[in-house]
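Notes to accompany the following structure.
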Amino acid sequence: MVILKLPNEIEKARGSNRIVAEVLSKLRDKVKPGVTTRELDKFAEEIAEKRGAKPAFKGYRGYPYSLCTSVNEQVVHGMPSERVLVEGDIIGIDFGVYHNGFFGDATITLPVGKVNEKALRLMQVTEQSLYAGIEQARVGNRLGDISASVQGKVEAAGFSVVRDFVGHGIGKNLHEDPQIPNFGKKGRGVELKTGMILAIEPMVNEGGYRVKVLPDGWTVITEDGSLSAHFEHSVAITDNGPEILSKLN
Ligand code: MF3
Ligand code: CO
């Protein structure tokens with residue numbers, strides 16, 4: 001069941017996502033060679049606490065950290081650790097909070113120092129595919145318009161979209177209906193309505209779309225070991241078009 005949000009609820013979700021965006025924005029300056037993913041996690045947690053927000057992922061289905069930090073061939077749900085980032089890595093940082101009764105959720109992928117041309121293009125295309133999807137988040141469109149738009153952008157660039165993980169509705173729960181695949185057909189699926197909040201999150205592989213989960217039960221990696229990038233925004237559908245609630249400054 002898709003839950004529509006009232007304007008005062010969207011305002012609360014705006015607040016939660018503003019905290020998420022602030023944290024991700026600050027993390028952009030922290031990500032450099034020599035830093036550990038655990039340090040990034042601590043940093044995010046501290047800011048969230050200062051803002052009176054609860055990290056959304058910590059404790060979710062037993063997940064032990066505040067951030068998901070997915071490096072290189074890790075697609076999503078990489079766990080913060082003593083791993084030291086090195087020049088040339090790329091890192092997907094996924095963060096969510098619960099604040100004032102509403103969840104916020106967003107992801108960016110960042111280069112560590114200087115990265116190669118292909119990694120750069122993978123990140124750019126993934127972010128562009130997110131914006132192509134967001135552009136379709138309009139009243140009267142259908143979910144498939146978002147999915148097809150993301151997929152089109154990615155595949156035109158020669159990359160592939162992950163099938164096994166999807167975006168989601170978000171609100172009083174971290175994950176609500178509808179599920180938002182990053183592949184699909186225009187004109188199909190549920191009709192988009194004012195008051196929906198959608199977490200759109202393309203996961204894009206340089207090689208094949210197949211992924212596998214490591215024995216830790218969380219870390220998802222590409223089956224072929226190729227690089228993967230991930231971007232996510234929480235987006236409200238309004239009468240005036242899509243509003244990106246988690247927009248970074
Ligand atoms: N942003 C991701 C999602 O929307 C991360 C949540 S997974 C968690 O599903 F378990 F680590 F919380
Ligand atoms: Co999400």
Side-chain angles (χ1 to χ4, degrees), residues 2-3 5 13-14 16-25 27 37-38 40-42 44-45 48 53-71 74-81 91-99 102-110 126-127 129-131 133-134 137 143 146-147 150 161-183 196-204 211-221 228-237 242 244-248:
V2 177
I3 302 167
K5 282 82 184 176
R14 207 175 267 130
S16 308
N17 278 292
R18 198 176 294 127
I19 297 166
V20 171
E22 183 197 351
V23 167
L24 291 178
S25 180
L27 280 168
T37 49
R38 189 74 186 92
L40 301 176
D41 188 66
K42 277 217 182 77
E45 206 166 289
K54 188 171 148 323
F57 306 159
K58 200 171 189 165
Y60 182 83
R61 296 177 184 230
Y63 186 77
Y65 300 102
S66 297
L67 293 181
C68 296
T69 51
S70 306
V71 182
Q74 298 177 351
V75 179
V76 287
H77 306 164
M79 289 196 281
S81 68
I91 178 172
I93 304 181
D94 191 344
F95 185 55
V97 302
Y98 183 69
H99 180 259
F102 280 80
F103 283 90
D105 187 13
T107 306
I108 54 176
T109 298
L110 297 169
T126 307
E127 188 168 23
S129 78
L130 169 60
Y131 282 95
I134 291 171
L143 201 60
I146 296 176
S147 305
V150 171
V161 291
V162 170
R163 266 66 166 166
D164 294 357
F165 296 86
V166 297
H168 50 95
I170 181 168
K172 290 180 181 171
N173 305 287
L174 177 59
H175 295 137
E176 297 182 358
D177 288 340
Q179 290 196 7
I180 309 173
N182 295 299
F183 60 97
M196 286 183 177
I197 306 180
L198 305 178
I200 305 172
E201 49 179 318
M203 290 144 267
V204 175
V211 299
K212 60 184 183 191
V213 183
L214 291 184
D216 64 21
W218 283 104
T219 313
V220 178
I221 66 167
S228 188
H230 182 203
F231 282 84
E232 174 180 27
H233 271 310
S234 294
V235 180
I237 299 182
I244 302 175
L245 303 178
S246 50
K247 206 169 182 82
L248 274 68

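We count ligands from 1, going down the list as the structure has it; atoms in each ligand are counted the same way.
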Q. Near the Co ion (ligand 2), which protein N/O/S atoms are found at less than 2.8 Å?
A. Asp105 OD2, His168 NE2, Glu201 OE2, Glu232 OE2
(Q) Using the side-chain contact (heavy atoms from CB on, under 4.5 Å) definition, which of the options Ile197, Asp94, Leu245, Val97 pairs with Asp105? (A) Asp94
Q) Of Thr219, Thr37, Asp41, Thr69, which is the lone residue that meets side-chain contact (heavy atoms from CB on, under 4.5 Å) with Ser81? A) Thr37
Is a side-chain N or O of [X] found less than 3.5 angstrom from the main chain of [Y], in a donor-acceptor match?
X	Y	value
Lys5	Lys172	no
Arg163	Val161	yes
Ser246	Ala21	no

**Q.** Under 4.0 Å from ligand 1, counting heavy atoms only: the protein residues, by chain and number
**A.** Phe57, Tyr60, Tyr63, Cys68, His77, Asp94, Asp105, His168, His175, Glu201, Trp218, Glu232
Q.
Return the CZ to CD distance between Phe231 and Glu201, rounded to the nearest 0.5 Å.
A. 13.0 Å
Q) Which value, rounded to the nearest 0.5 Å, describes the distance between Glu22 atom CD and Leu248 atom CG? A) 10.5 Å
Q) Which of parallel (below 30°), tilted (30 to 60°) and perpendicular (above 60°) describes Phe103 and Tyr98? A) tilted
Q | Sub-4.5 Å side-chain heavy-atom contact between Thr126 and His230 | A | no
